[in-house]
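It should be emphasised that the depicted structure is a prediction, and the values quoted were computed from it without experimental measurement.
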Amino acid sequence: MAFTKKVTLKSSDGELFIIDRAVALQSRTIQYVLEDTNPVDAIIPVPAVDARTLSKVLEYCKKHLIDLNTDFEDYSKWDKDFVDAEVWMLYDLIMAADYLHIPPLIDLICDKIASMFKGQTPDKIREIFNIDNDFSKEEEEDFKKKSGWAFK
Amino acid sequence: MGGRKWEDLNMDCLVNVFHKVGIESLLLDVPRVCKSWHRASLDPKCWESLMFPEDIKCKIWDNGRFSKRLMMEYQENFSSTAFIKFVIDRSRGCAAALGLPGCCTEEALEYAANECPELKTLKLNTDLPNKQRKIIPRLIPKWKNLEVLVLDRRHKMKEILDQIALHCSNFMRLSAPGIKVGNWEASAIVTSLPNLRYLVLNGATIERKSVVMILQGCKQLVHLDARGCTRFDEDDAEILELASHIPSFMCEGSRRNGRFT
């Protein structure tokens, strides 16, 4: 047989994850590695993702393997619980999903983040995501002045 | 949060988040969080979906939350036409979805037609004044990539569909909840859109023979929502037979004699 059924991933902190090839193929980054090299029994390093995050990402990939017995409703409930996480976890997840290139996971996390700051003031958004305000007082004032669209 | 800097999130991810937050947040809140978010919020991809909140009114400023905020910041100088043009400009020709507010002027509508050549989804507001409704059929040819149209019973459906048939070869979904469908409207749908794939008519007043006409004429339908309609029964044997090939056919709650039986 040309392909192995299992694939081994190695996280940035050295933990090994032995998973089904089909699960790994949901990551386009890993898909390209497998297509290019077809490393039989080889270990694929995932240097940008630590074990805690990788195991969470793989949990998502396992769930989202095409399963005809799971209907749309099941997924949306499961997905909602999946992203019900701390802000730092969401950050690690989106970085990992971006690195591994898993578009539906990126979309899911972006949906969650968008819902967290929709309707919030800039101050509140900075508080939730721990972002420094790097605007000067003058620049903040400029926001109002520059909005030429409001004037006929 | 050590080492996790949301302000440094890569541009693609930021844009992906920002295009989901809606015009109000994208215009008044997101750009004011930090410099990198401000830069990202100017990316045309954030502005692909221009669904204006319906509560922006021409003169009645005390109605909606968004209107209130715009008024608080821009006082009496606020012009809805200038505002709509400004938002459309942000998309730099990339807008894929557009839902204009009820206060949209003819000038703003024309502008949207000229500046949104990539438009796929058009939602026509219920509150659009008559004068603006009248020019819609004339503008349709500018939206050659249109795939989805949402309208209500006050729009000139036949004239609009005629233009879609002529100019929008990718059109696939018509959503017209609550409209009145008689012989005239049904034949407009069948004649203009024989290849329609999605049709949403929930809550419509639709004659039984019109349902039959649509089912016989639109053979490509994969989704027909005719729930809660009046003038035909949900258990009508002929209709159910004709619809049996449609993977997603819904007609629960439809009654010949209204909804109160």
Asker: What part of His38(B) lies closer than 4.5 angstrom to a heavy atom of chain A: side chain, backbone, both or neither?
Answerer: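 Side chain only.
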
Asker: Taking OH in Tyr111(B) as the centre, count heavy atoms belonging to other residues, nucleotides or ligands within less than 6.0 Å. Is the count above 12?
Answerer: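 Enclosed: over 12 neighbouring heavy atoms sit under 6.0 Å from OH of Tyr111(B).
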
Asker: Can you tell me how the ring of Phe117(A) sits relative to the ring of Trp37(B), calling it parallel under 30°, perpendicular over 60° and tilted otherwise?
Answerer: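 Rings of Phe117(A) and Trp37(B): tilted, 30 to 60°.
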
Asker: Kindly give the heavy-atom pair with the smallest separation between Val33(B) and Arg126(A), and that separation in Å.
Answerer: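 Closest approach of Val33(B) to Arg126(A): O-NH1, 2.8 Å.
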
Asker: Nearest 0.5 Å, what's the CG-SG distance between Leu9(B) and Cys110(A)?
Answerer: 7.5 Å

Asker: If we check side-chain contact (heavy atoms from CB on, under 4.5 Å) with Cys13(B), which of these qualifies: Ile94(A), Ile113(A), Ile109(A)?
Answerer: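 Output: one option passes, namely Ile94(A).
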
Asker: State, yes or no, whether a side-chain contact exists between Trp6(B) and Leu90(A) at a heavy-atom distance under 4.5 Å.
Answerer: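 SC-SC contact between Trp6(B) and Leu90(A) confirmed.
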
Asker: Would you name the heavy atoms of Lys20(B) and Asp111(A) that are closest together and state the gap between them?
Answerer: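 Looking at all heavy atoms of both residues, the closest pair is CD-OD1, 2.9 Å.
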
Asker: What's the spacing between Asn10(B) CG and Tyr99(A) OH if we round to 0.5 Å?
Answerer: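 Spacing of CG (Asn10(B)) from OH (Tyr99(A)) equals 14.0 Å.
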
Asker: Measuring heavy-atom distances to chain B, does Asp107(A) have an atom under 4.5 Å in its side chain, in its backbone, in both, or in neither?
Answerer: both

Asker: Taking side chain as everything from C-beta outward and backbone as N, CA, C, O, which of these in Ile125(A) sits under 4.5 Å from a heavy atom of chain B? Side chain, backbone, both or neither.
Answerer: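 For Ile125(A), side-chain heavy atoms alone lie under 4.5 Å from chain B.
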
Asker: Rounded to the nearest 0.5 Å, how far does CD1 of Ile131(A) lie from NZ of Lys35(B)?
Answerer: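 Going from NZ on Lys35(B) over to CD1 on Ile131(A), the span is 14.5 Å.
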
Asker: Tell me whether Lys56(A) at atom NZ has more than 12 heavy atoms from other residues, nucleotides or ligands lying less than 6.0 Å away.
Answerer: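 Atom NZ in Lys56(A) is crowded, with more than 12 foreign heavy atoms closer than 6.0 Å.
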
Asker: Nearest 0.5 angstrom please: Lys5(B) NZ to Asp132(A) CG, how far?
Answerer: 5.5 Å

Asker: Is Asp134(A) close to chain B through its backbone or its side chain, or both, or neither, when contacts mean heavy atoms under 4.5 Å?
Answerer: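 Backbone plus side chain of Asp134(A), per the 4.5 Å heavy-atom cut-off to chain B.
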
Asker: For Gln120(A), is it the side chain, the backbone, both or neither that has a heavy atom under 4.5 Å from a heavy atom of chain B?
Answerer: backbone

Asker: List the atom of Lys118(A), the atom of Ser25(B), and the distance in Å for their closest heavy-atom pair.
Answerer: CA-OG, 4.4 Å

Asker: Might you confirm whether atom CG of Leu16(A) has over 12 heavy atoms from other residues, nucleotides or ligands at distances under 6.0 Å?
Answerer: yes

